[in-house]
Amino acid sequence: MNPLMKKTVHLLISALLLGWALAAHSAQAQTNQGSFHLSGASQISFQNTFADGESQSVFTLQPSFGFFVVDNLSLGLTGLVTYQSGLESTTYAAMPTLTYYINMGRGFIPYVGLGLGYVGMATKDINVGGLGIGVEAGGVLMLNDHVGIDLGLQYLRQQYPVDEIKSSANTLGATLGVTAFF
């Protein structure tokens with residue numbers, strides 16, 4: 001892990017802990033069965049590639065929609081569009097997700113999530129698709145009963161079949177977004 005990534009992870013963890021400690025008001029998100037949530041997040045991450053060994057910056061937009069099938073457990077769909085600076089490539093994904101919110105009736109709601117779905121990558125020369133597996137953890141700092149700021153860490157493993165050889169990429173990133181519960 002490069003030094004900038006370590007600093008980013010430490011800063012995000014510190015922000016999550018501070019947010020949890022400061023969230024003393026009793027804003028209650030709508031995580032009950034039958035409710036919905038809509039999220040939009042951005043991610044700036046760094047990754048090392050095996051091809052050239054250099055770090056590259058990566059920018060991601062990630063909309064997500066979910067339905068609470070039982071209290072605190074959301075079944076949803078997440079879209080993902082990522083641009084990699086060094087390779088001038090775009091990664092896109094559509095993943096069904098399962099997210100568990102730990103709603104304790106406070107102003108900060110931690111969550112963990114898992115996604116599995118289709119991931120594609122397009123560059124000037126290559127256009128491939130394959131399996132993507134994502135894991136995330138974070139929390140929503142509620143601004144009121146329905147809207148909060150989403151902070152999290154996310155890991156995405158992408159696997160592509162290229163010329164009978166499996167190629168893969170691993171991405172670890174910090175996310176920042178807005179989540180609305182309704």
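When reading the values below, keep in mind they use all heavy atoms of this one structure, side chains included, and skip hydrogens, waters and symmetry mates.
Hydrophobic cluster membership is shared by L151 and L143, with clusters built from Ile, Leu, Val, Met, Phe, Trp and Tyr side chains linked at under 4.5 angstrom. A continuous path of hydrophobic side-chain contacts links Y160 to I126 [ILVMFWY only; heavy atoms under 4.5 Å]. Hydrophobic clustering, with ILVMFWY side chains joined whenever heavy atoms are under 4.5 angstrom apart, groups M104 together with V70. Linking ILVMFWY residues whenever their side-chain heavy atoms come closer than 4.5 Å, directly or via other members, leaves V81 and Y118 in distinct clusters.
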Q. Please walk me through it: do I109 and M142 pass side-chain contact (heavy atoms from CB on, under 4.5 Å)?
A. CA-CA 8 Å; I109 305 169; M142 298 303 296; 3.9 Å; yes
Q: Could you walk me through whether L153 and Y155 pass side-chain contact (heavy atoms from CB on, under 4.5 Å), step by step?
A: CA-CA 7 Å; L153 288 175; Y155 170 78; over 6 Å; no
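M95 and G134 get closest at one heavy-atom pair: CE-N, 4.1 Å. The shortest non-hydrogen separation linking N127 to A122 is OD1-CB, 4.0 Å. The two residues G115 and T97 make their nearest non-hydrogen contact at CA-CG2, 4.0 Å. Scanning both residues, G132 and V119, for their nearest heavy atoms gives CA-CG2, 3.3 Å.
Using a 4.5 Å heavy-atom cutoff, the side chains of F181 and V140 are in contact. Taking 4.5 Å as the limit, every side-chain heavy atom of L98 sits out of range of all side-chain heavy atoms of Y100.
For the atom pair D145 CG and F182 CZ, the distance stands at 15.5 Å (nearest 0.5 Å). Summarising the geometry, atom CG belonging to L172 is positioned 9.5 Å from atom CD belonging to Q154; distances are rounded to the nearest 0.5 Å. Note that the CZ atom of R157 and the CG atom of L131 stand 9.0 Å from one another [nearest 0.5 Å]. For the atom pair CG of L176 and CD of Q62, the computed distance is 12.0 Å after rounding to the nearest 0.5 Å. Here the CG atom belonging to N32 is positioned 8.0 Å from the CG atom belonging to N103, to the nearest 0.5 angstrom. To the nearest 0.5 Å, atoms CG (N170) and CG (L156) are separated by 8.5 Å.
Remark: Y111 pairs with Y101 by the ring-ring contact (aromatic ring centres under 6.0 Å, His included) rule, at least two apart or across chains. Residues forming a ring-ring contact (aromatic ring centres under 6.0 Å, His included) with F65 (at least two apart in sequence, or on another chain): F36.
When only modelled atom types and interatomic distance are considered, S39 and T179 share a side-chain donor-acceptor pair under 3.5 Å.
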Without placing hydrogens or testing angles, list every side-chain donor-acceptor pair under 3.5 Å for residues 71-80, not counting sequence neighbours.
from	atom 1	to	atom 2	distance (Å)
D71	OD1	Q33	N	2.8
N72	OD1	T31	OG1	2.7
S74	OG	H37	NE2	2.7
T78	OG1	S64	OG	3.1

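Of the residues T91, T82, T175, the one that meets the side-chain contact (heavy atoms from CB on, under 4.5 Å) test with T60 is T82.
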